[in-house]
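Take a look at the following structure, please.
Only this structure's heavy atoms are used, side chains among them; waters, hydrogens and symmetry mates stay out.
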Amino acid sequence: MNEHVSIPVPAPMAEPAEVAATRKVFIKTYGCQMNVYDSTRMGDALASDGYETTETMEDADLILLNTCHIREKAADKVYSALGRLRDMKKARAAEGRELMIGVAGCVAQAEGEEIVRRAPAVDVVIGPQTYHRLPDALRRARGGKPVVETDYALEDKFDHLPATAKAAIRSRGVTAFLTVQEGCDKFCTFCVVPYTRGSEVSRTVAQIVAEAQRLADSGVREITLLGQNVNAWRAQGPDGRVWSLGDLLYHLAQTPGLARLRYTTSHPRDMDDRLIEAHRDLRTLMPYLHLPVQAGSDRILKAMNRRHTAAEYLRLIERIRAARPDIAISGDFIVGFPGETEEDFADTMRLVEAVGYAQAFSFKYSTRPGTPGADLPDHVSEEVKAERLERLQALLLKQQTDFAKSCVGKVIDLLLEKPGRMPGQVIGRSPWLQSVNVDAKTSQIGDIIPVRIIGTGPNSLFAEPAERLIKV
Ligand code: 5AD
Ligand code: SF4
């Protein structure tokens, strides 16, 4: 060490890292929660490369579109956004200011080189399996030629979270996503996921436990484990056995500081006994389950390659409710799958009546080129799809409203999450994933407090602080 040398030295030239520290990235996220998680991780990868994230597009030196390919028109939307960005890039160039444009996510994976052919303003195209290579891809793109990275990387992207970001995961509020599994081997005949996200890969227990602990240490109280087919997660546990998602939940429930666990999205075929037991035993595991069924007709379920019947799904719901009576069930539905008759659709309506959903997402079937569904005969007309969707959504909305109303008068645990719209109000999350407004101090954010539900709004509930927690 040169501690004793006191000769004045000239101020060092600005380090490249300092210059880079002024760069800003704006990330626009489309689609599912997995993309939300991936956007955060891309932000982390770029942070270690000197980028700050910004919420304002105009401030950004790099604009990243994290895209979704699940339904039609997604790619069209991306191309029209890219048209607007091309104009912005031109205007910037006239001012002598750089604007780099990146396309990430499932459209990037599906379209690859085609994107730079159709939108030459794009600098980087990066698939969901390679986003850890983003800083390097950007550096190479600065050489002038667009870079396309859509290989399935042999290395594990989860190992590539840069050390600096690892050490200083920013506090992201009191709830967070944690990806435990990616890809899907189910091959439902309408779905592009097995093609864009590839086959099922599970992260290791050690990786998941370490990330959960880091999140809890940074103030996160509720973690949602993510996977395209999350309940197919399997990995070797520290005891040498192969663990399923249920085992993982029992383990994570011990994480100091963590109060709540959730997981999404599940396939009915992968709801094993251990997972149902976890719902029975773990108070940390929230009583909410997103379990898509898509349709209620056995003929359509078969054509969709869902690998279960309507009766099997209903029986499963019964077993889950027996294990955790207060569980709220949520689902996804597709109307107008090729060949769907009025009678098939009536089966879907009957199944919805039989289950009683607390929350649901429903879509018109949208043809995805390259999936087996696209080649099936008897596509349903847009008018019929629209009319069926309207009927289904009316029923689902009624169930959702009935569920919200059934909460009025109950005292529940509320996780205070963020400031409300009115001063003196805080928005919290109920065990059933509802937004709840309550009078509280922002300093209480992160606390779980007992509140009494006193009313319902269109998308949220209203509550007052309760003295004591009386479980109803
Ligand atoms: N058309 C309509 N909806 C679809 N989904 C997936 N693929 C399609 C498609 N081709 C829906 C399913 C799935 C949800 C994420 O998106 O309901 O569960
Ligand atoms: Fe798509 Fe089916 Fe896999 Fe879900 S389970 S991601 S719908 S193929």
Side-chain angles (χ1 to χ4, degrees), residues 32-33 36 172-177 219-225 258-265 279 282-292 317 320-321 324-333 352-353 355-362 392-472:
C32 67
Q33 290 137 334
V36 175
R172 298 187 174 112
V174 297
T175 61
F177 294 127
V220 168
R221 308 293 321 276
E222 174 180 306
I223 291 182
T224 303
L225 306 181
L258 199 63
R260 291 178 162 193
L261 282 167
R262 303 177 184 275
Y263 61 92
T264 198
T265 290
H279 279 288
L282 299 174
R283 292 306 98 177
T284 318
L285 182 56
M286 289 294 99
Y288 184 95
L289 176 63
H290 184 61
L291 195 62
I317 297 286
I320 296 164
R321 282 192 165 139
R324 184 80 204 239
D326 64 339
I327 201 160
I329 304 292
S330 145
D332 288 344
F333 298 89
V352 171
E353 294 276 13
V355 172
Y357 286 89
Q359 170 75 265
F361 304 91
S362 46
L392 176 61
Q393 289 188 337
L395 176 58
L396 290 168
L397 181 65
K398 178 171 184 313
Q399 294 192 341
Q400 200 174 318
T401 317
D402 288 349
F403 178 73
K405 282 189 189 144
S406 75
C407 295
V408 175
K410 283 187 185 170
V411 173
I412 63 159
D413 283 338
L414 189 67
L415 169 58
L416 299 178
E417 210 183 346
K418 55 189 175 201
R421 247 183 285 153
M422 310 292 271
Q425 279 204 334
V426 170
I427 298 176
R429 223 181 245 212
S430 81
W432 306 291
L433 211 52
Q434 298 140 306
S435 282
V436 181
N437 299 282
V438 69
D439 288 342
K441 297 197 236 4
T442 47
S443 59
Q444 290 175 280
I445 286 173
D447 291 353
I448 295 174
I449 62 164
V451 301
R452 181 174 290 100
I453 306 293
I454 51 172
T456 63
N459 295 307
S460 60
L461 302 175
F462 301 96
E464 62 186 16
E467 295 301 304
R468 249 167 338 116
L469 180 57
I470 312 155
K471 288 253 184 214
V472 184

- request: Identify the heavy atoms of Pro431 and Tyr288 that sit nearest to each other, and give their distance.
  value: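 Minimum heavy-atom contact is O-CB, 4.0 Å.
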
- prompt: Can you find a heavy atom in the side chain of Thr284 that is under 4.5 Å from one in the side chain of Leu258?
  reply: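 Side-chain contact under 4.5 Å: no.
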
- prompt: Roughly how far, to the nearest 0.5 Å, is CG of Leu415 from CE of Met286?
  reply: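 So the gap between those two atoms works out to 9.0 Å.
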
- request: Specify the closest pair of heavy atoms between Arg321 and Ile327, including all atoms of both residues, with the distance to one decimal.
  value: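 It is CG-CG2, 3.9 Å.
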
4.5 Å side-chain heavy-atom contact, Leu416 and Lys441: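 Side chain of Leu416 against side chain of Lys441, heavy atoms only: no contact under 4.5 Å found.
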
task: Taking the side chain as every heavy atom from C-beta outward, state whether Arg260 and Ile448 have any atom pair closer than 4.5 Å.
output: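 Of all side-chain heavy-atom pairs linking Ile448 with Arg260, at least one is under 4.5 Å.
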
task: Grab the two heavy atoms, one from Val438 and one from Ala463, that are nearest each other, plus how far apart they are.
output: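 Taking every non-hydrogen atom into account, CG2-O, 3.4 Å.
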
query: Do Glu417 and Val426 come close enough that some side-chain heavy atom pair is under 4.5 Å?
result: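 Answer no - side chains too far apart.
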
Point-to-point distance, once rounded to the nearest 0.5 Å, from CG of Leu289 to OG1 of Thr265: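 Between Leu289 CG and Thr265 OG1, I get 9.5 Å after rounding to 0.5 Å.
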
field: Under 3.5 Å donor-acceptor, Arg429 side chain and Glu222 backbone
entry: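 Side chain of Arg429 to backbone of Glu222, a donor-acceptor pair under 3.5 Å: no, none is there.
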
field: Sub-4.5 Å side-chain heavy-atom contact between Val451 and Ser430
entry: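 SC-SC contact between Val451 and Ser430 ruled out.
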
Reported NE2-to-CG distance for the pair His279 and Asp326, which is rounded to 0.5 angstrom: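 Atom-to-atom, His279:NE2 and Asp326:CG are 11.0 Å apart.
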
message: Please report the interatomic distance SG(Cys407) to CD1(Ile453), rounded to the nearest 0.5 Å.
response: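 With rounding to 0.5 Å, SG (Cys407) is 6.5 Å from CD1 (Ile453).
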
message: With heavy-atom distances below 4.5 Å as the criterion, would you say the side chains of Leu396 and Phe361 are in contact?
response: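 Not touching, per the 4.5 Å side-chain cut-off.
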
Exercise: identify the closest heavy-atom pair between Glu353 and Gln399: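 Looking at all heavy atoms of both residues, the shortest contact is CA-NE2, 3.8 Å.
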
task: Please examine the side chains of Arg324 and Ile320, heavy atoms only from C-beta on, and report whether any two atoms are closer than 4.5 Å.
output: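 In short, these two side chains do not touch, never coming nearer than 4.5 Å.
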
- request: To the nearest 0.5 Å, tell me how far Ser330 OG sits from Leu291 CG.
  value: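 Spacing of OG (Ser330) from CG (Leu291) equals 9.0 Å.
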
- prompt: Which atom names give the shortest non-hydrogen contact between Arg221 and Gly446, and what distance separates them?
  reply: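 Reported closest heavy-atom pair: NH1-O, 2.7 Å.
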
task: Please state whether the rings of Trp432 and Phe403 are parallel, tilted or perpendicular, taking 30° and 60° as the class boundaries.
output: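 Answer is perpendicular, since the angle exceeds 60°.
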
- prompt: Does Asn437 reach the side chain of Met422, with side-chain heavy atoms less than 4.5 Å apart?
  reply: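 No; the side chains remain at least 4.5 Å from each other.
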
task: Show your reasoning for whether side-chain contact (heavy atoms from CB on, under 4.5 Å) applies to Thr224 and Gln33.
output: CA-CA 10 Å; Thr224 303; Gln33 290 137 334; 5.8 Å; no

- prompt: Any idea which heavy atoms bring Val220 and Gly173 closest together, and the distance?
  reply: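 The pair with the smallest heavy-atom distance is CG2-O, 3.4 Å.
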
query: Could you give the distance from CG (Leu433) to OG1 (Thr264), rounded to the nearest 0.5 Å?
result: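 OG1 of Thr264 is found 9.0 Å from CG of Leu433.
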
